[in-house]
Amino acid sequence: MKIHTGEFRILSTSGILGYGFPEESFRRAIRRKPHIIGIDAGSTDPGPYYLGSGKSFTNRLFVKRDLRLILAAATRLGIPVVIGSAGGAGARPHLDWCRDIIYEVARENRLSFKMGVIATDISAGRVLRSLRAGDIQPLPFVPKLTPGAVRECSHIVAQVGVEPIIKALDRGCQIVLCGRCYDPAVFAALPIAMGYDPGLAMHMGKILECAAIAATPGSGADCAMGILNKDSFVLECPNPLRKFTRMSTAAHTLYEKSDPCHLPGPGGTINLENCSFTEVPGGRVEVRGSRFEKTPHYWIKLEGARRIGFRAVSIAGVRDPVMITQIDKILPAVRAQVLKLSHASNSGGRIIFHIYGKDGVMGALEPERRPGAHELGIIIEALGNTQEDADMLCSLTRSTLLHYGYPGRISTAGNLAMLFSPSDIGMDAVYEFTVYHLMKIHDPAGFPLAVERISGGRRLS
């Protein structure tokens with residue numbers, strides 16, 4: 001790959017593919033002639049359901065809208081596009097879902113390009129072999145991995161680094177669609193391959209993966225640009241309503257990280273001990289001093305989810321001050337009565353109350369203890385082995401709480417104001433992360449790469 005020594009411009013369109021971006025911001029960015037367009041398409045933030053079920057948490061229509069604008073501009077300019085964590089969670093169903101949308105956009109707009117599709121799924125057999133070899137270790141606060149947990153996962157993915165993307169770009173792929181991917185790698189892979197400093201490239205990628213969220217006022221639905229030079233990188237917003245500041249840039253560098261100076265990722269750590277942030281004219285910030293330090297062994301994060309049951313919920317409000325003062329006694333009593341009546345606890349059934357207006361966000365971890373509230377929002381969550389079990393538990397809990405008697409009760413018509421009719425909502429399967437561990441690998445680029453040729457919207461190979 002040709003070594004590049006001048007200014008290297010990278011466009012990040014939005015925080016996640018499908019979040020959208022203003023077309024005027026995008027057009028301004030395109031007029032700056034970026035060398036590459038990068039877009040992160042996924043996250044574990046929405047929880048394990050999407051990985052476990054193989055479904056996307058982004059809307060297909062808006063993913064298609066974003067891709068239509070991105071692919072049309074990229075093919076016109078002749079620049080590459082790198083998409084990471086396709087479909088939200090990056091497993092094979094998500095990868096295929098996003099690839100089908102790309103086919104559709106290419107066909108409707110008669111686009112031609114060479115596309116590399118990188119699958120990052122890891123088989124249970126491979127994980128078990130690594131586990132037996134001692135090449136798996138848990139992340140902090142994560143229990144040790146067991147063979148049973150591995151076998152129960154519906155999908156396991158590896159969060160790959162820059163190497164598979166560089167391999168696809170080396171093969172001449174203009175569009176690179178990647179399964180689960182380390183977010184900064186989407187933006188850092190090409191400049192690293194072209195000789196730019198990996199510490200600067202990875203730090204810039206860490207900020208660009210959320211696009212204009214790192215600006216002020218922040219937004220995940222707007223564009224941002226990174227300009228990489230030999231000794232620094234500069235961040236700017238094509239939207240004049242936003243700007244980067246030292247504070248916003250430094251703050252976003254710490255985003256989702258517990259250590260302010262060391263950001264671990266595949267194969268190494270971004271070291272920010274000597275990093276500096278300087279505001280420059282035009283609402284821009286220049287960053288210097290970032291370093292990438294390789295680890296002795298190459299570790300990647302694995303993510304896997306298993307189904308643990310089914311869920312149903314009911315949403316209600318409470319405004320009786322007498323009931324509110326006794327709510328900590330009433331809800332456990334209702335739970336005990338329902339579980340005894342239904343025998344659900346014998347089959348693993350669970351009832352959880354989420355009380356908004358009283359520790360609804362953080363639950364038992366809530367540090368603020370302020371007495372008194374004039375109303376509460378209660379979400380009844382019921383878990384069962386089947387959807388039928390969950391529906392039954394939810395219905396019985398809702399009706400029991402609705403008419404539960406407590407000292408000082410005045411109204412016997414009902415304790416709850418139900419938000420919806422029907423009042424109970426079946427929510428399908430429930431998943432949990434059971435694989436959230438590091439695995440040592442020997443070939444960081446050794447993930448399957450399928451190269452496809454699209455001509456005028458027709459797939460040739």
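In this text, all values refer to a predicted model and were calculated from it rather than measured experimentally.
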Is [X] salt-bridged to [Y], going by a charged N under 4.0 Å from an acidic O?
| X | Y | answer |
| --- | --- | --- |
| E236 | R242 | no |
| R60 | E104 | yes |
| R284 | E286 | no |
| E452 | R99 | yes |
| R27 | E23 | yes |

Just checking [X]: does its [atom1] atom have more than 12 heavy atoms from other residues, nucleotides or ligands closer to it than 6.0 angstrom?
| X | atom1 | result |
| --- | --- | --- |
| E108 | CD | yes |
| R350 | CZ | no |
| R291 | CZ | yes |

### Query
I83 and side chain to side chain contact (heavy atoms under 4.5 Å, CB included): which partner among L67, L95, D40?
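It is L67, the one option of L67, L95, D40 that forms the side chain to side chain contact (heavy atoms under 4.5 Å, CB included) with I83.
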### Message
Once you measure the plane-to-plane angle for Y436 and F433, does it fall in the parallel (<30°), tilted (30-60°) or perpendicular (>60°) bin?
### Response
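Judged by the thresholds at 30° and 60°, the geometry between Y436 and F433 is tilted.
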### Plane angle bin for Y50 and F57 - parallel if under 30°, tilted between 30 and 60°, otherwise perpendicular
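Answer is perpendicular, since the angle exceeds 60°.
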#### Entry: Inter- and intrachain pairs under salt bridge (Lys or Arg N to Asp or Glu O under 4.0 Å), touching residues 115-144, at least two apart
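Sorted result for residues 115-144: D135-K440.
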Does some side-chain heavy atom of [Y] sit less than 4.5 Å from a side-chain heavy atom of [X]?
| X | Y | answer |
| --- | --- | --- |
| T120 | C178 | yes |
| L17 | T58 | no |
| K167 | F447 | no |

### Message
For the CE atom of M439 and the CD1 atom of I300, what is their distance to the nearest 0.5 Å?
### Response
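Atom-to-atom, M439:CE and I300:CD1 are 4.5 Å apart.
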### Query
Out of H155, H94, E303, which residue meets the side-chain hydrogen bond (donor to acceptor under 3.5 Å, both in side chains) rule with R180?
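Looking at H155, H94, E303, the match for R180 under the side-chain hydrogen bond (donor to acceptor under 3.5 Å, both in side chains) is E303.
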### Message
Test side chain to side chain contact (heavy atoms under 4.5 Å, CB included) on V176 and V81; report intermediate values, then the result.
### Response
CA-CA 6 Å; V176 179; V81 174; over 6 Å; no
### Message
For I454 and Y103: C-alpha separation, side-chain torsions, deciding distance, then whether side chain to side chain contact (heavy atoms under 4.5 Å, CB included) applies.
### Response
CA-CA 8 Å; I454 311 295; Y103 290 159; 3.9 Å; yes
Indicate whether any N or O donor in one side chain lies under 3.5 Å from an N or O acceptor in the other, for [X] and [Y].
| X | Y | result |
| --- | --- | --- |
| N271 | E293 | yes |
| H262 | E273 | yes |
| H354 | E381 | yes |

Show the nearest heavy-atom pair for residues [X] and [Y], with the distance to one decimal.
| X | Y | answer |
| --- | --- | --- |
| R68 | V105 | CA-CG1, 3.7 Å |
| R398 | I380 | CA-CD1, 3.7 Å |
| Q387 | A312 | NE2-CB, 4.2 Å |
| P143 | P138 | O-CB, 3.7 Å |
| S314 | D424 | OG-OD1, 3.3 Å |
| F353 | I378 | CD2-CG2, 4.1 Å |

### Task
Please confirm whether R288 makes a cation-pi placement over F277, using NZ or CZ under 6.0 Å from the six-membered ring centre and within 45° of the ring normal.
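No, cation not above the ring by the 6.0 Å, 45° rule.
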### Message
Centre-to-centre under 6.0 Å for F233 and H203, is that the case here?
### Response
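That pair passes the under 6.0 Å test.
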### Message
Test side chain to side chain contact (heavy atoms under 4.5 Å, CB included) on V186 and E209; report intermediate values, then the result.
### Response
CA-CA 8 Å; V186 172; E209 55 113 340; over 6 Å; no
### Query
Are the side chain of D222 and the backbone of A212 linked by a donor-acceptor contact shorter than 3.5 Å?
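Checked: no pair found.
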### Message
For a side chain to side chain contact (heavy atoms under 4.5 Å, CB included) check, start with the C-alpha distance between V82 and L190, then their side-chain angles and the critical distance, and finish with the verdict.
### Response
CA-CA 9 Å; V82 178; L190 181 56; over 6 Å; no
